[in-house]
Amino acid sequence: MAAPLPCYHCGLPVPAGSHFQARVLGETRALCCPGCQAVAEAIVAGGLESYYQHRSDTSVNPGALPRALTEELELYDRPDVQQPFVAHEGELARTALHIEGISCAACGWLIERHLKALPAVEDASLNLSNHRLQVRWDDARLPLSELLAQIRRIGYAAHPYQPDEAAARMARENRRAVRQLGVAGLLWMQVMMASMATWPEFNLDLSPGMDRILRWVSLFLTTPIVFYCCTDFFKGALRDLRTRHLTMDVSVSLAIGGAYVAGIWSTVTARGELYFDAVGMFALFLLAGRYLERRARERTAAATAQLVNLLPASCLRLDASGDSERVLLAELKPGDRVLVPPGALIPADGRILEGLSSVDESVLTGEYLPLPKGPGDTVTGGTLNVEGPLTLAVEALGDESRLSAIVRLLERAQADKPRLAELADRVAQWFLVVVLVAAVVVGLVWWQLDAGRAFWIVLALLVATCPCALSLATPTALTTATGSLHRLGLLVTRGHVLEGLNHIDTVVFDKTGTLTEGRLTLREIRPLGGELSADACLALAAALENRSEHPIARAFGRAPEAAEHVENVPGFGLEGRVSQRQLRIGQPAFVASLADRESPPTPNEPGQWLLLGDREGPLAWFVLDDQVREDAPALLEVCRRQGWSTVLLSGDSSPMVAEVGRQLGIGRVAGGLTPADKLAELARLQQAGKRVLMVGDGVNDVPVLAAADISVAMGSATDLAKTSADAVLLSNRLESLAQAFVMARRSRRIIVENLVWASLYNGLVLPFAAVGWVTPMWAALGMSASSLLVVLNALRLART
């Protein structure tokens, strides 16, 4: 059978018999669904069809975007709702919107051109790097709700952008760190040229006037480095001294401050060596390391903000008479009654008062099949109501909700996270004590022997033993190793991965989306009775499932025609009419009762078995399951060769958990676990002395990802899971994780080599500097050479 045509708009397969078309660029184009048809027609009607000539990727299918309800959009016209994100400049309003659905640069051109063509829009500018749209428009002529609807009309979803306060503060600090790093690098290069010209070794035979000018130029250029770029070092040193705690900030500040003061004295007296080049070099190298650490903290701080995306912006609140009113989520209170239509997100933790439905809790539990829910059952905010309308009594909001509890588990687990940098800090702590004591002793001794040389020898000692290489040992190797691992498909977000992989003895896997594909697929069709072929039975089943929101329906694909009078019976199946034939699909007893017969025995094989039947009797069995990833057996074989124990912990309570464990030969299997259960299981393993690697992908895995010794999230994982993990498997190929084990161990070995070398250099140079054999110039060169060696050793990791 020929492969189906791709949809001209989104690239998805066009179902056989589809009649959805649009005339674009002078030709009739086949489209997969009415959503793509409506978007394509809107683009053409706006005179923007050249978008299709310039795009570099297919567009997002409109059905994959969040649904924009008219009532919800109208809420954005309220002044109290607009107050946090809409500003007014005279008669014009200004706002920032976050745009979903952007796939290439042509999308930005399309959005801007479409909005600028509206009479009320003064300006529209889209930042493609963060998908943020800045709009200035006359809101008296064009309400905000209509502006959002116009963006939706061409296939994109827009939401008001309101930055999280903590994330915004981290972003400001990050921009400041980049400026400091840039200023230090730029000025250091100029200082080096000016300072080197004054060195006797270059024998430039400078005139006294030129020598003095170069000294003052070096001082002028170094001053911003000290008082702008290095302020954090001095503040940190003062803070640590007040708390009687020695860190590298103390030694760095002494070296930078001492070199700067010595350089001022040399400039004023026109004698001695300049140390301004050393100041710039210290600042540049150390600021680069601090910047890498800041970026890691920024990713961690943004993790909790991702939970907001799991909750709807608004909901339907019921009054005493039973009438519904759409309100913002912030307006809900415990005890309120809310109506949740099929296909809508549940806005808060609550208890069902009326209605029967199924609730998709995969975002929290990892279980891909929705669970039947009825009156008296509890539901969680952020989960999806699949089939029937539900009336809930709100029980928990905000900090009391289950999502907030997961965040608290995350924060508690992260507090105990080990880091390779702690090793450098511990070494530096003792080394600093030795260096400072030695500096005092050496200074006193030389003051008695030769007071004129005492200051220079102490300064040379501080510069030569400055733990610059020790500070660079970890971040430079991490930077190079991260790039190498990235090429293998593994993005390392925290440095302790490279330290800890050599010590792992237990690997814990999630099931759904990790060892399996995370979606139901139709594995087999078994016709019964011989009346209909397998293809005919599939066509009938697809027609019944055509309009269902249930994940099972997706396994049957799209049918050109939908069944008529379809009735959903939550927990049992669907009933409807196809070509005058009354059909049912779902649980065997439910289907067999249509023909008033006993249900046939369910095949004794793993999988989700569904029966199709009509008034005459059963027609076919359909078996669906979540397929094990093709490369999962190879990864499990690597774990066995390493001698690692394997454990499967899943939120799925179906028999598939045990079946997946059996297929892959996993040592221990447990299903139906909550996030707290998973965390408890992990704690038991760690209390038994196990070093655990966790691989998962869902919000329910977040606490255990954070608490594991090392954690890896799949590339298809939720944003919160990825920001909580120590590494992200971008390619979703488990074989890439197996390849990355070797690279990670090599990376860890080179980092240890860097730490050993930095410690040995500082330890060996100390006695030579103390006896005056190391001049200030050679001290600076030695420190630079030590740092350069660390960097070159780290660059070996670039050879994959």
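Residue numbers count from 1 along this sequence. Here the structure is a predicted model, which is why all the values come from computation and not from measurement.
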Pairs satisfying salt bridge (charged side-chain N to carboxylate O under 4.0 Å, His left out), at least one member in residues 606-620, at least two apart
Arg581-Asp614
Let's go through Leu649 and Val647 carefully: what are the C-alpha distance in whole Å and the side-chain angles of both, what is the deciding distance for side-chain contact (heavy atoms from CB on, under 4.5 Å) to 0.1 Å, and is it a yes or a no?
CA-CA 6 Å; Leu649 302 179; Val647 181; 3.8 Å; yes
Is it the case that the side chains of [Y] and [X] hold a donor-acceptor pair, with the cut-off being a distance below 3.5 Å and no angle test?
| X | Y | value |
| --- | --- | --- |
| Tyr156 | Ser59 | no |
| Ser357 | Asn385 | yes |
| Arg351 | Thr378 | no |

Donor-acceptor pairs are to be reported for all side-chain atoms of residues 31-39 against protein atoms at under 3.5 Å, with residues two or more places apart or in another chain.
residue: Gln37; atom: NE2; partner: Gln21; partner atom: O; Å: 2.9

What is the distance from atom [atom1] of [X] to atom [atom2] of [Y], rounded to the nearest 0.5 Å?
| X | Y | atom1 | atom2 | result |
| --- | --- | --- | --- | --- |
| Leu538 | Ser533 | CG | OG | 9.5 Å |
| His131 | Cys107 | NE2 | SG | 8.5 Å |
| Leu612 | Leu528 | CG | CG | 9.0 Å |

Side chain to side chain donor-acceptor pair (under 3.5 Å) contacts touching residues 5-15 (sequence neighbours left out):
His9-Tyr52
Counting only heavy atoms from other residues, nucleotides and ligands, does the tally under 6.0 Å from CD of Gln53 exceed 12?
yes
What heavy-atom pair brings Gly613 and Leu594 nearest, and what distance separates the two atoms?
O-CD2, 4.1 Å
What residue among Asp631, Leu664, Val507 forms side chain to side chain contact (heavy atoms under 4.5 Å, CB included) with Leu636?
Leu664
Between Ile154 and Leu110, is a side-chain contact (heavy atoms from CB on, under 4.5 Å) present by the stated rule, with each step listed?
CA-CA 8 Å; Ile154 55 172; Leu110 175 64; 4.1 Å; yes
All ring-ring contact (aromatic ring centres under 6.0 Å, His included) counterparts of Trp109, not counting sequence neighbours:
none
Determine, stepwise, if the pair His114 / Leu48 fulfils side-chain contact (heavy atoms from CB on, under 4.5 Å).
CA-CA 8 Å; His114 179 68; Leu48 301 170; 3.7 Å; yes
By side chain to side chain contact (heavy atoms under 4.5 Å, CB included), Glu524 pairs with (sequence neighbours left out) Arg526, Val623
Using a strict 4.0 Å threshold on nitrogen-to-oxygen distance, state whether Arg640 and Glu637 make a salt bridge.
yes
Taking distance alone, no hydrogens or angles, what donor-acceptor pairs closer than 3.5 Å link side-chain atoms of residues 566-575 to residues at least two apart or in another chain?
residue: Glu575; atom: OE1; partner: Arg584; partner atom: NE; Å: 3.0
residue: Glu575; atom: OE1; partner: Arg584; partner atom: NH2; Å: 3.1
residue: Glu575; atom: OE2; partner: Gln582; partner atom: NE2; Å: 2.9

List the steps and the verdict of salt bridge (charged side-chain N to carboxylate O under 4.0 Å, His left out) for Glu681 and Arg668.
CA-CA 11 Å; Glu681 290 286 339; Arg668 181 169 176 271; 2.9 Å; yes
